[in-house]
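These notes are about the structure you will find just below.
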Amino acid sequence: MGFSRAKVVETAVLNPRLIRIRLDVPDLADIALPNQPDEVVAIYFPVDGRDSPPDMECRDGVWGYYDVDPMPEGRNYTVRAIEPGTTVMTVDFVVHDHGVATTWAQRTRVGDEVAMAHGRGWYRPGPGTGWQLLVADLAGLPALARIIDELPDGVRATAIVEVVEESDLDYLPACDGVELISLVGSGNGYGDSRLDVAVEEFDHPEGLGYCWFAAEAKASRAVRKHLRRRYGWKADQCDILGYWRFDGEKWARKFEAEGAEALEVYTQALAEGKTPKVAGEEYDDALERVGL
Ligand SMILES: Cc1cc2nc3c(=O)[nH]c(=O)nc-3n(C[C@H](O)[C@H](O)[C@H](O)COP(=O)(O)OP(=O)(O)OC[C@H]3O[C@@H](n4cnc5c(N)ncnc54)[C@H](O)[C@@H]3O)c2cc1C
């Protein structure tokens with residue numbers, strides 16, 4: 001486990017809301033990608049108009065930036081693809097109003113550098129899964145596309161996708177065998193998400209279900225509660241991830257003031273031997289109790 005620098009080798013505008021960036025990642029193995037279709041890296045961006053961030057450092061086993069001023073900011077991005085036999089990685093960025101990552105993606109040029117670390121992944125349908133519900137907004141689309149690419153033949157799956165315009169759906173690979181339910185014009189920072197309602201209205205087929213969800217955090221909370229409480233699903237039947245937060249700056253300010261108790265709940269749950277997923281659910285419940 002370590003970090004790698006990554007150099008931009010190509011940029012392409014896929015549509016008005018998605019930019020594709022291909023990067024050469026010479027120390028790819030050091031990022032320790034788990035080889036799951038929703039795998040991500042934390043990408044750290046240069047600051048102050050520079051075209052590359054400083055080297056990362058390992059302290060107490062954790063790679064990051066310590067005592068660096070100004071501190072490069074990091075964001076999570078899905079590994080859409082690794083070109084076979086190379087160290088070239090494809091990452092697709094949503095274009096939204098503002099933010100260090102989306103701004104970098106819109107301005108970056110061939111030769112610019114970022115730093116990458118912390119490969120992780122979640123998508124893991126358990127043994128005996130009979131059908132899958134895959135839910136994403138624009139930010140979740142790259143991971144959903146890769147899940148569809150890698151879905152074994154014969155798997156029964158439904159994808160519920162929330163996009164801004166119908167043409168955003170062209171991004172998805174041909175998905176024979178995957179039923180597609182599309183919500184157009186909502187969520188994605190343009191309005192309230194309708195993903196939670198669509199999941200509630202979805203009729204469960206017979207058999208053991210699995211849900212993977214990657215979209216705005218408020219909708220993720222509603223979906224998790226719906227599946228875990230109304231349907232009594234076990235924790236390992238779902239991987240429900242909040243990929244971003246609407247009005248994230250306001251949330252971060254409130255978290256700064258009132259989030260400590262929730263963090264304590266998370267730490268305590270892990271100390272009691274609960275899995276990170278169950279600890280994460282208790283953490284999210286604690287956040288909700290303080291209005292976060
Ligand atoms: C596991 C994981 C995988 C992800 N994979 C991808 C990916 O492949 N492609 C991708 O584009 N994103 C992906 N994301 C989401 C991405 O990390 C966030 O959108 C991130 O906050 C963007 O950083 P930023 O610096 O541009 O904006 P920030 O500085 O984080 O936020 C600035 C403002 O923009 C708003 N904002 C942030 N993200 C969005 C958005 N997607 N739509 C509308 N408004 C937004 C915030 O509410 C805030 O007000 C992933 C997230 C996770 C957790």
Side-chain angles (χ1 to χ4, degrees), residues 6 11-23 31 33-34 36-47 53 71-82 89-108 114 116-124 134-149 161-165 168 171-172 183 185-193 195 212-221 224 239-255 276-277 280 284 292:
T11 70
V13 174
L14 298 182
N15 73 27
R17 281 162 296 279
L18 282 168
I19 294 178
R20 170 157 293 175
I21 305 208
R22 293 173 67 245
L23 305 114
I31 300 171
L33 292 171
Q36 281 165 269
D38 65 341
E39 65 193 5
V40 298
V41 282
I43 304 183
Y44 294 86
F45 301 93
V47 278
M71 183 83 89
E73 290 195 48
R75 301 284 188 271
N76 290 303
Y77 278 85
T78 303
V79 178
R80 176 67 185 87
I82 305 281
M89 179 189 290
T90 299
V91 181
D92 293 336
F93 289 76
V94 173
V95 176
H96 55 89
D97 185 58
H98 63 279
V100 60
T102 197
T103 304
W104 179 85
Q106 289 169 77
R107 293 186 182 158
T108 196
V114 290
M116 288 185 176
H118 311 303
R120 285 150 295 145
W122 293 267
Y123 171 84
R124 196 177 288 112
L134 310 167
V135 188
D137 65 5
L138 280 179
L141 231 47
L144 174 62
R146 198 171 143 188
I147 290 171
I148 291 173
D149 276 344
V161 179
E162 187 164 53
V163 293
V164 178
E165 287 185 12
D168 295 330
Y171 173 85
L172 288 173
L183 312 176
S186 51
N188 295 298
Y190 292 78
D192 287 342
S193 174
L195 286 173
W212 173 88
F213 179 103
E216 202 277 328
K218 190 172 161 201
S220 75
R221 175 178 286 163
R224 175 176 59 79
D239 288 296
I240 294 181
L241 299 143
Y243 265 29
W244 62 282
R245 279 184 195 282
F246 182 73
D247 205 353
E249 294 87 350
K250 187 172 164 200
W251 190 91
R253 282 193 300 275
K254 193 165 163 61
F255 181 83
K277 193 186 280 186
D284 196 46
L292 277 160

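What you see below is based on every heavy atom in this structure, not just the backbone, and it leaves out hydrogens, waters and symmetry mates. In this text, all values refer to a predicted model and were calculated from it rather than measured experimentally. Atoms within a ligand are numbered from 1 in the order they appear, just like the ligands themselves.
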I'd like to check the ring pair (Phe, Tyr, Trp, His ring centres under 6.0 Å) partners of Tyr171; sequence neighbours left out, ordered by chain and number.
none
Sub-4.0 Å heavy-atom environment of ligand 1, residues by chain
Val40, Arg75, Asn76, Tyr77, Thr78, Asp92, Phe93, Val94, His96, His98, Gly99, Val100, Ala101, Thr102, Trp122, Ala139, Pro142, Asn188, Tyr243, Trp244, Arg245, Phe246, Asp247, Gly248, Glu249
Ignoring hydrogens and angles, tell me if any N or O in the side chain of Asp284 forms a donor-acceptor pair with the backbone of Arg221 under 3.5 Å.
no
For His118, does its backbone N or O pair with a side-chain atom of Arg120 as donor and acceptor, under 3.5 Å?
yes
Classify the ring geometry between Trp104 and Phe93 as parallel (under 30°), tilted (30 to 60°) or perpendicular (over 60°).
tilted
By ring pair (Phe, Tyr, Trp, His ring centres under 6.0 Å), which residues pair with Phe213, not counting sequence neighbours?
none
Counterpart residues, salt bridge (charged side-chain N to carboxylate O under 4.0 Å, His left out), relative to Asp92 (two or more places apart):
Arg20
